[in-house]
There are 2 protein chains.
Amino acid sequence: MAGRKSQGQHSPIMSIGQIERVTMGERIYNELCQLLIAGKLQPGERLSLRTVAEALGVSMMPVREAVARLVADGALTVHANRAITVPLMTVAKLRELTRIRIEIEGYAVAEAATRCTAGQLAAIGRLDAAFRQATLAPEGGSDDSLRLNKELHFAIYEAAGSPVLLSIIEGLWLKVGPIFNLDLRAARRFSTGAAEKHHAALVAALTRRDPEGARQALSADILSSLEFVVTTGSLPD
Amino acid sequence: MAGRKSQGQHSPIMSIGQIERVTMGERIYNELCQLLIAGKLQPGERLSLRTVAEALGVSMMPVREAVARLVADGALTVHANRAITVPLMTVAKLRELTRIRIEIEGYAVAEAATRCTAGQLAAIGRLDAAFRQATLAPEGGSDDSLRLNKELHFAIYEAAGSPVLLSIIEGLWLKVGPIFNLDLRAARRFSTGAAEKHHAALVAALTRRDPEGARQALSADILSSLEFVVTTGSLPD
DNA sequence: CTCGTGCAACCGTGATCACGGATCGCAGTT
DNA sequence: AACTGCGATCCGTGATCACGGTTGCACGAG
């Protein structure tokens, strides 16, 4: 405070931005999040603090913190034996999550429809096009589709302009991510073309500033994903 | 597993429930949650891991875990200096939170209206009556009103039958708790009688299984709280 | 072959320590 | 008197260790 005042308000030293202070626990948390959302960790798979720590070349400490956060988010489960696993998903739980996702993410896209700027709209359009291209590509590209699908959705959610809402949605994606993306990748769901259709309807609704249309398009997108996963029959219950 | 099998499926030994295994970090987390929701911790107040650990008679370790979870929830903030404080609330942030609360908690009460059992309805009615009694009592009772208000709301949210939804709402209450309850207690908001009116409308809507009526009553309740806090003028921005 | 027993490896939890950085007070200078 | 420089103190972060408890497996008794 005193130093800032004595430097004056227009010294060049004032224009340098804050350097990012990211702790190791944070980095490991993000690392595990990516693995989870990308479906790289199978449901039921067991995690060991020591093993993860060794794999990442750090001590057990920051891993504990990251895992504790993920457990709090419901993205990991700690059993009575103190064993840590990726939670198993049941059809009933997936349906519950889907209802909540439609409500909350639906609210987010409705807000986005009324509030997003032209620049955001353009970026969303670009991501939509990229997703379509990656998905229609005959060879592979499933990982890319998955990543672009997530980026497209979150670009829209960000346009809602509510950080709290965004973090809630991130929590939901952390829960559905493992099942979802594991299944989608294995079965190449995106080849059905349903996702592109719903995305197109969603982007169109955003463009014409239609909150209810956006909500319905998103609902259809989420429901078609649910239905696909359920029909694969790979889930217990 | 092997032992369970050899015991047979109907042995009395099978009917004993799992004993709760609660870690110290968990207990400290709950402790801090209560302090936060009850508004015992002032916004801007600084927390020290060592101080809290010493006050609770434990090592720094479980406190770290609990605080890390609260920071992840947005209920505490870690600054660039690594200092940990109760986050400061602004009017803008409170409005954002209120919009989200109306959407999510509104969905919860709508679900509760269609799904709650007669027993749950009776328990909700009892909490409503208890809240009214505690609030109308001329002497003090502000702490009781606060506690019963929370219990009433969460009894309804639980009736929605969705654990995920419940934990999301708990996260929201953790964020608004400090400001809210601090203000409400200081200014005795509950003496205005608005809360009782909205609660009565909410319970009535639940009784007649009216989702939209419940949603509107809850919206009015939340909005009146917001308006009250804003008009006290104790918030920056 | 089945089941109980004992041992070894491993796990999460909590305690303790080390380290770099931040904060605050007190001189000492301008 | 106001600012600067310095030192003591405290803080969060990460590493390391100790301790119950669980798991898995081999061995031996029934």
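A straight line from CE of A/Met60 to C1' of C/dC10 spans 11 Å, rounded to a whole angstrom. The interatomic distance linking A/Ile84 (CD1) with C/dC10 (P) rounds to 17 Å, in whole Å. Atom NE2 of A/His79 is separated from atom C1' of C/dC10 by 17 Å (rounded to the nearest Å). In this entry the distance linking CD of A/Glu54 with P of D/dG14 reads 19 Å, nearest Å. Spacing between atom CG of B/Asn81 and atom C1' of D/dC10 amounts to 13 Å, rounded to whole angstrom units. Rounded to an integer number of Å, the gap from CG of A/Leu49 to C1' of D/dG21 is 15 Å. The distance between atom CZ of B/Arg50 and atom C1' of D/dG14, rounded to the nearest whole Å, is 12 Å. B/Met61 has its CE atom 14 Å from the P atom of D/dT16, to the nearest Å.
For the side-chain hydrogen bond (donor to acceptor under 3.5 Å, both in side chains) test with A/Ser162, the passing option among B/Arg99, B/Lys93, B/Glu96 is B/Glu96; the others fail.
The base of C/dG21 lies outside donor-acceptor range of the side chain of B/Arg82, with no N or O pair under 3.5 Å. Interface remark: the B/Arg64 side chain does not form any donor-acceptor pair with the C/dG14 base, using a distance-only criterion of under 3.5 Å.
Mapping B/Gly57 and B/Arg46 onto DNA chain C by nearest heavy atom places B/Gly57 closer to the 5' end of the strand.
Contact check, A/Ser48 against C/dC11: a side-chain N or O comes under 4.0 Å of OP1 or OP2. Put simply, B/Thr51 has a side-chain N or O that comes within less than 4.0 Å of OP1 or OP2 on D/dC11.
The shortest side-chain heavy-atom distance between A/Leu88 and A/Thr77 does not fall under the 4.5 Å cut-off.
At distances below 3.5 Å, at least one donor-acceptor pair connects side-chain atoms of B/Gln120 with backbone N or O atoms of B/Thr117. Side-chain atoms of A/Lys40 never come within 3.5 Å of backbone atoms of A/Gln34 as a donor-acceptor pair (strictly under, hydrogens ignored).
Residue contacts shown for B/Leu47 are limited to sugar-phosphate atoms, with no base heavy atom under 4.0 Å away.
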* **Steps toward side chain to side chain donor-acceptor pair (under 3.5 Å) verdict (B/Tyr157, B/Glu105)** => CA-CA 7 Å; B/Tyr157 301 146; B/Glu105 297 179 34; 2.4 Å; yes

